[in-house]
Amino acid sequence: MGIAANGPRRAERSADVMKYVSTRGTAPVLTFDDVLLTGLARDGGLYVPDSWPMLSPGRLRAYADWPYAEVAVDVMWPFVEGTIEQDVFAELVDDAYSTFRHPDVVPLVELGGNLHLLELFHGPTLAFKDIALQLVGHLFDHELAKRGERVTIVGATSGDTGSAAIEACRDRETLEVVILHPKGRTSEIQRKQMTTVLSDNVHNVAIDGTFDDCQDLVKAMFNDIPFRDRHHLSAVNSINWARILAQVVYYVKAAAQLGAPEQPVSFTVPTGNFGNVFAGWVARRMGVPIRHLVVGSNRNDILPRFFDSGVMEMQGVTPTTSPSMDIQISSNFERLLFELCGRNGATVTHLMARFREEGVMDLGPERLAMAQEIFQSASIDDDAVARVIAATYRRTGQLVDPHTAVGLGAAALHHDPSVPMVCLATAHPAKFPDAVHDAVGIHPELPAHLADLYDRPERFVELPNDLAVVEEYVTSTTMST
Ligand SMILES: *Cc1c(COP(=O)(O)O)cnc(C)c1O
């Protein structure tokens, strides 16, 4: 049986425990603990809560002064209540954020002109993904230990997810971790952050292909139900609901610091898989007064084209200086699609099937108008990114990484000076030193804990873009340890 089986525990739970449904409408309804371990739903959909809890204005106001971890427990509690004790949950949250190098966890920095930078890169691997994955690693370990089970985490990464997942899961007895990355398409430092972790439970695979090929391989392994069950496959990719949930917290906290609920705020989000910006949508749905969510894309502009036209149309992937956003399809977009379709799983199933077959999905004028009320977008090319890095440094003395620069470039096009604009700084500049150096002639320094990274030995295998070969590898490595 799979780990998400509906055992007798379900029936004992009270009716007000949050239920999670699939965006495709036919997978079993689950509670948070099972959603955490399941990842992709069995009907190919993504899990979402069956209702959205509301934050009270008083609570939101108070969050401005609460420590980050306390806000995190409070905001996430309605989504997890009934599946974990509150003091245990609080301890896991505390442990997760104690690894961050800044006392505020996610400091908010003023850039002038009502523009702010929310620094999400103070975790162990220097990208915002640590915020979700440090917590998810603790939650997985807790839940699996409680059940006396082990799982195999399988993930695809365009660079940052992999290292964040590996840091979150390394050396845990309950977990085996297999991470696929596109060979030669991550930065050297991104690769080293993954491949220099020599823990027995960590397995890095370089796939001869793109990030989307890696993501397709992972999806295919999950859709191979016998394989999935035999290996107790599980995901920590951004399709995992727990990751989205952890990311909602910093939207809430930053908005409160800037005067919510009275003061509306906008956010700009450097976007790839749409997980981060969807967390912003959730914060808004929970009552945070978010005026606009600006989606920043690099040359891979499927989302800006969609937000202009209502038509989602696949094109090839172009490598850019912001590789964590070099993607063709944004997997988390399906969660927004579900909302735009009135939470009708059959409609989502139909649209996604057509998109897979024809590479095009037309949502029509009404759904487009709903999306445009909230979302704005822009595509920023590598030359503009370099100019933004240089201009930001000259104007504010801040070095920003190319992903953050995509956001700043998009924010400049949509900024209404009467509404505070928070740009999410998704990576530390030292994670992308070449692009930063090319733009301003300065080499950003790695924080002390990573200073010797380039000297550490690496371990990984290279495999073709072939499902059978990759499944065989997973079988051989995870069965022998
Ligand atoms: C993953 C990543 C993104 C994209 O985030 P999504 O949630 O996939 O949209 C942006 N910037 C950096 C640095 C990342 O690592």
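In what follows, residues are counted from 1 in the order of the sequence shown. Because the structure is predicted, anything quoted here is derived from the model rather than measured. Each ligand, and each atom within it, is numbered from 1 in the order the structure gives.
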Practice task
Output the list of atoms in ligand 1 that are nearer than 4.0 Å to some heavy atom of Lys129, sorted by atom number.
Solution key: 1 (C), 2 (C), 3 (C), 14 (C), 15 (O)

Problem - Protein heavy-atom partner closest to atom 9 (O) of ligand 1 - residue, atom, separation in Å - result: Gly272 N, 2.8 Å

Practice task
For the residue pair Leu363 and Leu368, establish whether any side-chain heavy-atom pair is separated by less than 4.5 Å.
Solution key: no

Handout entry: Flag for Ser330-Asn273: side-chain donor and acceptor within less than 3.5 Å
Key = no

Practice task
Note the single closest protein heavy atom to atom 8 (O) of ligand 1, along with its residue, its atom name and the distance in Å.
Solution key: Asn273 N, 2.7 Å

Exercise for the section: Please tell me if the side chains of Phe375 and Val277 come closer than 4.5 Å, counting only heavy atoms from C-beta onward. Expected result: yes

Problem - Side-chain heavy atoms of Glu334 within contact of Ile239, under 4.5 Å - result: no

Practice task
Give the numbers and elements of all ligand 1 atoms closer than 4.0 Å to a heavy atom of Pro270.
Solution key: 4 (C), 10 (C)

Handout entry: Atom indices of ligand 1 within 4.0 angstrom of Ala427 heavy atoms, with elements
Key = 13 (C)

Problem - Close-contact set for ligand 1 against Thr271 heavy atoms, below 4.0 Å - result: 9 (O)

Problem - Donor-acceptor under 3.5 Å (Asn465 side chain, Asp208 main chain) - result: no

Practice task
Keeping the roles fixed (side chain from Glu458, backbone from Thr195), state whether a donor-acceptor pair exists under 3.5 Å.
Solution key: no

Exercise for the section: Taking only heavy atoms of Phe274 into account, list the atoms of ligand 1 that are under 4.0 Å away from them. Expected result: 6 (P), 8 (O), 9 (O)

Completion exercise
So the atoms of ligand 1 within less than 4.0 Å of a heavy atom of Asn276 turn out to be 7 (O)

Practice task
Could you list the residues that satisfy ring pair (Phe, Tyr, Trp, His ring centres under 6.0 Å) with Phe460, not counting sequence neighbours?
Solution key: none

Practice task
Look at ligand 1 and say whether Phe121 reaches it with a heavy atom at a distance under 4.0 Å.
Solution key: no

Problem - Sub-4.5 Å side-chain heavy-atom contact between Val294 and Phe267 - result: no

Completion exercise
min-distance protein heavy atom vs atom 12 (C) of ligand 1 -> Thr426 OG1, 3.4 Å

Handout entry: Enumerated ligand 1 atoms positioned under 4.0 Å from heavy atoms of Gly275
Key = 6 (P), 7 (O), 9 (O)

